[in-house]
Amino acid sequence: MRRILVGLVLCSAVAGAAVAAEPSPELIAYGKTLVEAGNCAGCHTADPTKPFAGGKRIDTPFGAIYAPNLTPDRDTGIGAWQDADFTRAVRYGFAPDGSLYYPAFPYPYFTRMTKDDTLAIRAYLGTLAPVASRNKPPELRWPFGYRGLMRAWNLLFFTPGLFEPDQSKSAMWNRGGYLVTGLGHCGACHTPKNYFGADKTVQALAGSELGGWYAPRLDGASRTGLQSWSADDITEYLQSGRNARSHADGPMAEVIVNSTSKMSDADVRAMAAYLKDLPPVRREPKVTPPDEAEMKAGQAVYAKLCIACHEADGSGAPRIYPPLPGNALLQSINPSSTLRIILDGAHTVTTPRAPNTGEMPGYARQLSDDEIAAVTNYIRNSWGNAGPLVTPAQVAKARGQQP
C-alpha cells in the first residue's frame, strides 16, 4: 500500500510539473510577435488555408528547396520535437536526426537570437492547428544535393553566436540591430552573396539581386542607399509599404504585408534607427550618362506613357505615384526591379495604415526592348538622377524572367 501511495504522489507531482510547464498566454503572444517579425509564414506557407504547413518552393542559384512543415503535427511537422531540437535547428542549422539544413533557412541570422526568444517562437507554433503535410525533398543540381557538403560550408561561412550589443549605442539601436541582423534576417536578401551563396560580410546590406528583383542598399550611400531617407521615412515605409520617396513591390511588398506592418511601433522604429546609422560599405557605382539620342528616345516614351501619373518633372504624387527624382532604388547599380515594374506593372501594397490601392500597367507587350531600355535610362538619368546605362540585352533577359 505504501508503494502505491508513493507512486500516486510521484505521479501527481509529475503531472503538476507538466501543467506548470505549459507556456503562458503571455509567452505565446510574445512568440507570435517574434514569428511575425521573422516573417516565418512568408516562407513556410504554400497554401493560405494551411498556414505554416510548408511546401512553398524557394528558388536558389543552386536549385529549389521546399520549406518544411512548422505545425505541431507529430508525424510530418515539429510536434514530436523537444525544445532542444528546436533550438538546435533554429540557431545552428541541425535537424533532430543530425542532418544539416541548407542556408536558405536563415539559421546564420537566427543564431543571433536568444534562447528565450527561440523557445517563445516554439511556444506559439505549438498552438497552431496540426496539419499533415510531408516535407518535399530539395531539387538541387549535382553535387549540391549532398547535405554533407554543408559541414564544409558551415566551417567556412557560418559563425554561431548571439547578437552582441554595442555598449556605446542606445537600447533602441541595439534592439534594431538584433532585429535587422538576427530575427529579421534582412541581409538574406539585401547582402551580396559569393559563389557559394554565403554573405559577403564586408558588404553587409549593400544590395543584392534576388529572383529577378534587386533588393536595394540599406546602408547610408548618398544616391542608392538610405542617406536621403529620415528615420521616419524608413518607419513609414516598413509600416505602410510606402512613403514620400518610394513604394514597395515584389518580395519586399510581401515582407511588409506579412511582417513589418504587423510589428510594434517601437520595434519598427528601432530597426529604422539602426539602419539610419549604417555607413556606406562600398562606393556608389560610376555612371556614364546616356547620349543625347538615347535621352530623347526615352523622353518620347515617357511623355507618351508615364507623364500623366509621374508628371513632367517626375514628382508624381507621393504615396500614390512614387516620385522619381532622387529615388534610390531607381538609381541602383542593378536595374532589375525597375525593369520588372516597367515590364509587369505594379500594384500598390495595401496595409492597415495605407489601405488605398494604386496600379501601374505593365508595358511588356506595348514596348520593345530598345524602348524600355531608353525610357529606363531616361528616368535613371533625369532630374539629377545618375544610374548606370541599361542595355536592350538586359531588358530581354528581364523579359525572359517574367512570371
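Just the heavy atoms: all of them, side chains too, but no hydrogens, waters or symmetry mates, feed the values below. Just so you know, residue 1 is the first one in the sequence shown, and it goes up from there.
- Comment: R282 does not engage D219 in a salt bridge, judged by the lack of any side-chain N to carboxylate O separation of less than 4.0 angstrom.
- Note that CD of Q82 and CG of D85 are 6.0 Å apart. Values are rounded to the nearest 0.5 Å.
- For the pair S261 (side chain) and T351 (backbone), a donor-acceptor distance under 3.5 Å is absent.
- Taking the side chain as every heavy atom from C-beta outward, D117 and L183 never approach each other to under 4.5 Å.
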Residue pair I78, N69: steps toward the side chain to side chain contact (heavy atoms under 4.5 Å, CB included) verdict | CA-CA 7 Å; I78 62 173; N69 184 353; over 6 Å; no
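- Ion pairing between a basic and an acidic side chain is recognised when a charged N comes within 4.0 Å of a carboxylate O; R319 and E236 show such pairing.
- Salt-bridge check for D59 with R57: passed, with a basic side-chain N closer than 4.0 Å to an acidic carboxylate O.
- Put simply, CD on E359 and OH on Y321 are 10.0 Å apart, with the number rounded to the nearest 0.5 Å.
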Determine, step by step, whether E284 and S222 satisfy the side-chain hydrogen bond (donor to acceptor under 3.5 Å, both in side chains) criterion, reporting the C-alpha distance in whole Å, the side-chain angles of both residues, the deciding distance to 0.1 Å, and the verdict.
-> CA-CA 8 Å; E284 296 274 24; S222 58; 3.3 Å; yes
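- Considering all non-hydrogen atoms of both residues, T49 and D47 come closest at OG1-OD1, 2.8 Å.
- Considering every non-hydrogen atom in both L27 and A120, the closest pair reads CD1-CB, 3.6 Å.
- Here R340 contributes atom CZ and T338 contributes atom OG1; the two are 11.5 Å apart, rounded to the nearest 0.5 Å.
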Does the pair Y146 and L140 meet the rule for a side chain to side chain contact (heavy atoms under 4.5 Å, CB included), with working shown?
-> CA-CA 9 Å; Y146 292 99; L140 299 173; over 6 Å; no
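- Annotation: cation-pi geometry satisfied between R88 and F94 (NZ/CZ under 6.0 angstrom from ring centroid, within 45° of ring axis).
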D249 vs H347, side chain to side chain contact (heavy atoms under 4.5 Å, CB included): CA-CA, chis, key distance, verdict | CA-CA 7 Å; D249 203 348; H347 302 274; 5.8 Å; no
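- For the pair P335 and R380, the minimum side-chain heavy-atom distance is below 4.5 Å.
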Would you list the atom pairs, donor with acceptor, under 3.5 Å between side chains in residues 305-313 and any protein atom, with sequence neighbours excluded?
residue	atom	partner	partner atom	Å
H310	ND1	P322	O	3.1
D313	OD1	S315	N	3.0
D313	OD1	S315	OG	2.7

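- Counting all heavy atoms, side chain and backbone alike, T260 lies closest to I256 at OG1-CA, 3.3 Å.
- Panel note: side chain Y363, backbone I372; no donor-acceptor pair is recorded below 3.5 Å.
- Using a 3.5 Å distance cut-off with no hydrogens or angles, the side chains of D73 and T71 do not pair a donor with an acceptor.
- Put simply, the side chain of N243 reaches to within 4.5 Å of the side chain of W229, judged on heavy atoms.
- Distance alone, capped at 3.5 Å, places no donor-acceptor pair between the K136 side chain and the R134 backbone.
- Judged by distance alone, with hydrogens and angles left aside, the side-chain atoms of T348 form no donor-acceptor pair with the main-chain N or O of T357 at under 3.5 Å.
- In this structure a side-chain-to-backbone donor-acceptor pair under 3.5 Å is present from Q394 to T391.
- No side-chain donor-acceptor contact under 3.5 Å links R242 to the backbone of T350.
- With no hydrogens or angles considered, no side-chain donor-acceptor pair links D370 and S368 at under 3.5 Å.
- Side chains of N334 and S332: a donor-acceptor N/O pair is absent below 3.5 angstrom, by distance only.
- Salt bridge status for R269 with D232: present, with a side-chain N to carboxylate O gap under 4.0 Å.
- Contact annotation: the side chain of L179 never approaches that of Y274 to less than 4.5 Å [non-hydrogen atoms, C-beta and beyond].
- The structure places CG of L330 at 9.5 Å from OG of S246, a figure rounded to the nearest 0.5 Å.
- Across all non-hydrogen atoms, the minimal contact from V287 to N381 is CG1-OD1, 3.7 Å.
- Using a 4.0 Å cut-off between a side-chain N of Lys or Arg and a carboxylate O of Asp or Glu, R112 and E164 do not qualify as a salt bridge.
- L34 contributes atom CG, which lies 5.0 Å from atom CD1 of I121 (distance to the nearest 0.5 angstrom).
- Panel note: side chain N377, backbone A373; a donor-acceptor pair is recorded below 3.5 Å.
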Output, in order, the C-alpha distance, side-chain angles, deciding distance and verdict of side-chain hydrogen bond (donor to acceptor under 3.5 Å, both in side chains) for D116 and T114.
-> CA-CA 5 Å; D116 287 347; T114 65; 5.5 Å; no
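- Atom CZ of R74 has 12 or fewer neighbouring heavy atoms from other residues, nucleotides or ligands inside a 6.0 Å radius.
- S336 is not listed as a side-chain neighbour of W213, based on a closest heavy-atom distance of 4.5 Å or more.
- Atom CD in E294 sits 6.5 Å away from atom CG in D291 (nearest 0.5 Å).
- Relative orientation of the Y302 and Y378 rings is tilted, given thresholds of 30° and 60° on the angle between their planes.
- Residues G187 and K193 share a closest heavy-atom pair of O-NZ, 3.0 Å.
- Applying the ring-ring contact (aromatic ring centres under 6.0 Å, His included) criterion to F105, with sequence neighbours excluded, gives Y101, F110.
- No donor-acceptor pair under 3.5 Å is formed between the side chain of N39 and the backbone N or O of V255.
- Of the residues F196, W153, Y92, Y107, the one that meets the ring-ring contact (aromatic ring centres under 6.0 Å, His included) test with F158 is Y107.
- R217 places no side-chain N or O within donor-acceptor distance of the main-chain N or O of L205, the cut-off being under 3.5 Å.
- At distances below 3.5 Å, not a single donor-acceptor pair connects side-chain atoms of D233 with backbone N or O atoms of R245.
- Annotation for C43 and A67: closest pair O-CB, 3.0 Å, computed over non-hydrogen atoms.
- Taking the side chain as every heavy atom from C-beta outward, P165 and Y178 never approach each other to under 4.5 Å.
- Contact annotation: the side chain of D166 approaches that of N174 to within less than 4.5 Å [non-hydrogen atoms, C-beta and beyond].
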T191/S208 under side chain to side chain contact (heavy atoms under 4.5 Å, CB included): CA gap, chis, key distance, verdict | CA-CA 6 Å; T191 294; S208 184; 5.9 Å; no
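- Between D199 and F157 the shortest side-chain heavy-atom distance does not fall below 4.5 Å.
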